[in-house]
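Each chain gets a letter, A, B and so on, in the order the sequences are listed, and its residues count up from 1. On a predicted model such as this, the values are computed, not experimentally measured, just so you know.
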Amino acid sequence: MAISLMSGKVTVSATVNGEPTEWLCEPRETLLEVLRDRLGLTGTKEGCSNGNCGACSVLLDGRLVNSCLVLAVETEGAEITTVEGIRGEKGLTPVQRSFLEEAALQCGFCTPGFIVAATALLQANPSPTEEQIRWWLAGNLCRCTGYDKIVRAVQKAAAEMRGEA
Amino acid sequence: MTTEKQYRVIGTRPVRPDGVDKVTGRAVYGADVTLPRMIHGKILRSPHAHARIRGIDTREAERYPGVLAVVTAEDLPDVDVVLAVGEGGDVNMRDASHNIMASGKVLYQGHAVAAVAAVSPHVALEALKRIKVDYEPLPPVLDVRKAMAADAPLLHEDLFTDTMGQRSEHPSNIASHLIAEEGDIEQGFREASVVVEREFVTHTVHQGYIEPHAAVAEWRDDGQLTIWCSTQGAFSVREQVAQILKHPISQVKVVPTEIGGGFGGKISVYLEPVAALLSRKAGRPVKMVMDRAEVLAATGPTPGTYMKVKVGADAQGNITAAHAYLAFEAGAYPGSPIGAGCTTVFAPYRLKNVRIDGFDVLVNKPKSNAYRAPGATQAEFAAEVVMDEICEKLGMDPLEFRRKNGAKEGDWRPFGPPYTRIGAIECVEAAQASEHWKTPLVKEAGSSRRRGRGVASGYWMNWGGTSSCTGRLNPDGTVALLEGSTDIGGTRASIAMQFAEAFGIAYERVRPQVVDTDTVGYNDVTGGSRVTFGTGYAAYALAKQMQREIAAKLAAIWEVDPESVTVEGDRYSAGDKSVNLVEAANLISEQGQQVVTSVTTTPHNRSGAFATHIVDVEVDVETGKVEILRYTAVQDVGKAIHPSYVEGQMQGGVAQGIGWALNEEYIYDENGSLRNASLLDYRMPTALDIPMIETILVEVFNPDHPYGVRGVGEVPIVPPPAAISNAIYDAVGVRMTTLPISPARLCAEIMAKNSARA
């Protein structure tokens, strides 16, 4: 991390979706702002900017976080994965595919956050119960679906990833 | 239940055309738009609920480094036009103009008073702090009953009450008093052997879409204005902006982005005209994005209410009379959904003697707006809780009561023609036949927990509206389908499916796109549960028109009478000549011709949608916390085009209804300051708060649509609050008549009941 005295901006280096990335930002900018406004990664959404809705969920060194609650300067040297970095060998991952097949999205705005959160869940726990899925996803608000089809999509993806489907 | 017709495409569950973009983060929503040289706008908002603006000094903000433009109400022209914007009803554009930028007075906390455009959002926010507004605070009025009092502080000195066309003598906060009457209620109540009358209070709630409002405007030097925004109606935005700015509508182009939820709340403009003004002043494109607190405090939530409902029934369980008194908080300007409240309050029932009084009342809260079946949830909450009590007093099964008194074709309804073919009774019967209803509930659940079951019905009238579609036949026989209805929940799929069905091709061979206001004909807003019905109707008409045009072009090539060309699926034949659509497309393009077809349709939609819900709850009598154990939603959907998205609409509506029933409310202090303007304190249901939601799709053909479609989006939010209140009564014996039924409210009622008994 290098601080430029000219502008008050800071140089930050991190790995974003597998690519070494460097940017300049002000110390007050959140990771969410940098992803969206400086790196053009607009798949990560802003719904509330205070950690209540989960639309800005990303993985930071493998951990699920709300990027609106992380200052971008804190991510020096970190590995960041956004929804744009979630890709399977043949395009969509089982989580993404099952969201489509199960109609687990309506407006789609919360969907990137759910895709990231569900991906993190299935990495941590390949066989979650319905209750465990609901608990894990309780940090992501969806106002359209009533969660029913989201939970089913995660169950289906989990089964597929376990080789059961 | 199924209809008799067999379809190829309708009733299947294909992946939506916009799906891949939405699971990979590529889909572009309002705040994702970026233009070269773009700058950022922010709005200064009133800290007072009611105050006169003595003056605004923007000089220091204008000088702040990085600021490129500042605007106030002085930059807006005077307008005096009434515009119909669909489901939200008629809007006085002078009020709409004053709502987006306060003029003379601020009327609610969060009311916009000035806006700044600067090189970054942070600089714009810094500059807002340097605008000095001189306020003279006035007493706010925050409760609908207090606002109706003769001595209440007035929001507008020039507002008079309109009572069915009669103007009041004195100014008032009551904008209108609607009356609907049929038969003789006095006689009806005399014939009753049981009469129940109760009062109800509900609080302001928000649609709660996850995407905050966002708009980008670019005003070019030749007067051409382009707006990219997240909206339920690009054409409505174009009209509203043109009216508010007094700018020729032909010079306003609106490009709708993907929309992250709306539920009625993204019909009125808030940011778009302001961004346009800032862009004109700065000579640069301007982006404006609300934060969550602004969304809650300063967009259009749905009204709080005070309601009184009285119902009488004879000993056989026939309703003899019904009276509703509904007072809705419009917010700062007239226009609550009181008309819809009056229309829907008793809609599931056949009534001979009825009177409905509805009041549209101004209070110092944000101007209310449509929210999914606007007005119906509040009104039918009151009516359905009273009906439950009637059943209790009669010792009658609540579903049997609803079946016996159910509305059907030809029955009276307020302000409208009699019902056409509807499925109110079919829904009740399907609920009676459901596994949920037939499975007894075990009521004891440990020392401090009690379980109960409740039911409620609901109605929403649905809308038809105007829709346009353009179809372009590609040389490979596929079709580019251009639509103007923004897709909130999968309507690209439901429209393309109807087109594919009618045109005789596979769903995958239709590529639907939502395009801008210059590229397709007029479309009313995505609202009123109308898109799969109305734009689907247009797509059906387009398919038939394209088939006729293809037949006519083939007839010219084959030199036969156009009438002799027959169409069977995707095959066009005349005499010994026969081609499939791909061959036809090739033949036509070899002639240097194209099939590019546009249609506009405005079908009647005289029908409506009914629903009956069953819910099991578990109440913790020590804390007042309510858990939803099981939920079944039964609904007449007409014809489910894409059943997954129909189920999704039902499940989503139920979830919103559960939030409204148990948690969600605007909490104001005595000064009219909103105390819970965040998604932590305005608590919407999470995945952990609700169970799987069972759906039962009843299909009663709608005679106003070629495939029998009924709108499905709105009615599922209507029954949950009443069904849950009725289930809580079944569990613990207290009638909850205030929404939300928060743990504190329920605990207080349980304690009051226990101390009364002791």
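Both the backbone and the side chain of A/Leu105 come within less than 4.5 Å of a heavy atom in chain B. If you measure heavy-atom distances from A/Ser49 to chain B, you find no contacts under 4.5 Å at all. Heavy-atom distances place both the backbone and the side chain of A/Leu141 under 4.5 Å from chain B. Only the side chain of A/Glu33 comes within less than 4.5 Å of a heavy atom in chain B; its backbone stays farther off. Of the atoms belonging to B/Val289, not a single heavy atom falls under 4.5 Å from chain A.
When every heavy atom of B/Ile693 is checked against every heavy atom of A/Asp148, the shortest pair comes out as N-OD2, 2.8 Å. Annotation for A/Cys144 and B/Phe263: closest pair SG-CZ, 3.7 Å, computed over non-hydrogen atoms. Here the closest heavy-atom approach between residue B/Gly25 and residue A/Val83 is recorded as CA-CG1, 3.8 Å. Contact record, A/Cys53 with B/Ile210: SG-CG2, 4.3 Å, taken as the closest heavy-atom pair. A pairwise comparison of heavy atoms in B/Pro685 and A/Tyr147 identifies O-OH, 2.8 Å as the closest pair.
Between the side chain of B/Tyr29 and the main chain of A/Gly108, a donor-acceptor pair closer than 3.5 Å is present. Side chain of A/Arg36 to main chain of B/Ala31: a donor-acceptor pair is present (N/O by atom type, distance under 3.5 Å, no hydrogens or angles). Using a distance-only test at 3.5 Å, with no hydrogens or angles considered, a donor-acceptor pair links the side chain of B/Arg16 to the main chain of A/Gln106.
The closest side-chain heavy-atom distance from A/Lys45 to B/Glu211 is not below 4.5 Å. Side-chain atoms of A/Arg143 and B/Gln207, non-hydrogen and from C-beta on, never get closer than 4.5 Å to each other. Between A/Glu131 and B/Leu688 there is a side-chain heavy-atom pair separated by less than 4.5 Å. Counting heavy atoms from C-beta outward, A/Leu100 and B/Val23 have side chains that approach closer than 4.5 Å.
When the candidates A/Ala138, A/Gly91, A/Gly40, A/Pro112 are compared by the number of heavy-atom contacts under 4.5 Å with chain B, A/Ala138 comes out ahead. Contact count against chain A (heavy-atom pairs under 4.5 Å) is highest for B/Ala687 among B/Ala293, B/Ala687, B/Ser644, B/Pro212. For chain A, the option among B/Gly208, B/Ala493, B/Pro14 with the highest count of heavy-atom pairs below 4.5 Å is B/Gly208. Between chain B and the options A/Gly139, A/Gly51, A/Ala103, heavy-atom pairs under 4.5 Å are most frequent for A/Ala103.
Rounding to the nearest 0.5 Å places SG of A/Cys110 at 11.5 Å from NZ of B/Lys22. The line from SG of A/Cys68 to CZ of B/Arg292 is 11.5 Å long, rounded to the nearest 0.5 Å. Put simply, CD on B/Gln649 and OG1 on A/Thr145 are 10.5 Å apart, with the number rounded to the nearest 0.5 Å. Here the CG atom belonging to B/Leu679 is positioned 6.0 Å from the CG atom belonging to A/Asn52, to the nearest 0.5 angstrom. For the atom pair CZ of A/Arg152 and CE of B/Met692, the computed distance is 4.0 Å after rounding to the nearest 0.5 Å. In this structure, CH2 on A/Trp135 lies 9.0 Å from OG1 on B/Thr686, to the nearest 0.5 angstrom.
Heavy atoms from other residues, nucleotides or ligands lying under 6.0 Å from CD of B/Glu627 number more than 12. With a 6.0 Å radius and a threshold of 12 heavy atoms from other residues, nucleotides or ligands, A/Arg87 has its CZ atom at or below the threshold.
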Where do B/Arg26 and A/Glu84 land on the salt bridge (charged side-chain N to carboxylate O under 4.0 Å, His left out) test, with the steps shown first? CA-CA 8 Å; B/Arg26 279 195 195 88; A/Glu84 289 92 345; over 6 Å; no
Go through the steps for B/Ile259 and A/Cys107 under the test side-chain contact (heavy atoms from CB on, under 4.5 Å), then give the verdict. CA-CA 6 Å; B/Ile259 170 170; A/Cys107 81; 6.0 Å; no
Between B/Leu680 and A/Asn50, is a side-chain contact (heavy atoms from CB on, under 4.5 Å) present by the stated rule, with each step listed? CA-CA 9 Å; B/Leu680 183 65; A/Asn50 50 13; over 6 Å; no
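We find that A/Glu101 and B/Arg13 are not joined by a salt bridge, their nearest charged nitrogen and carboxylate oxygen being 4.0 Å or further apart.
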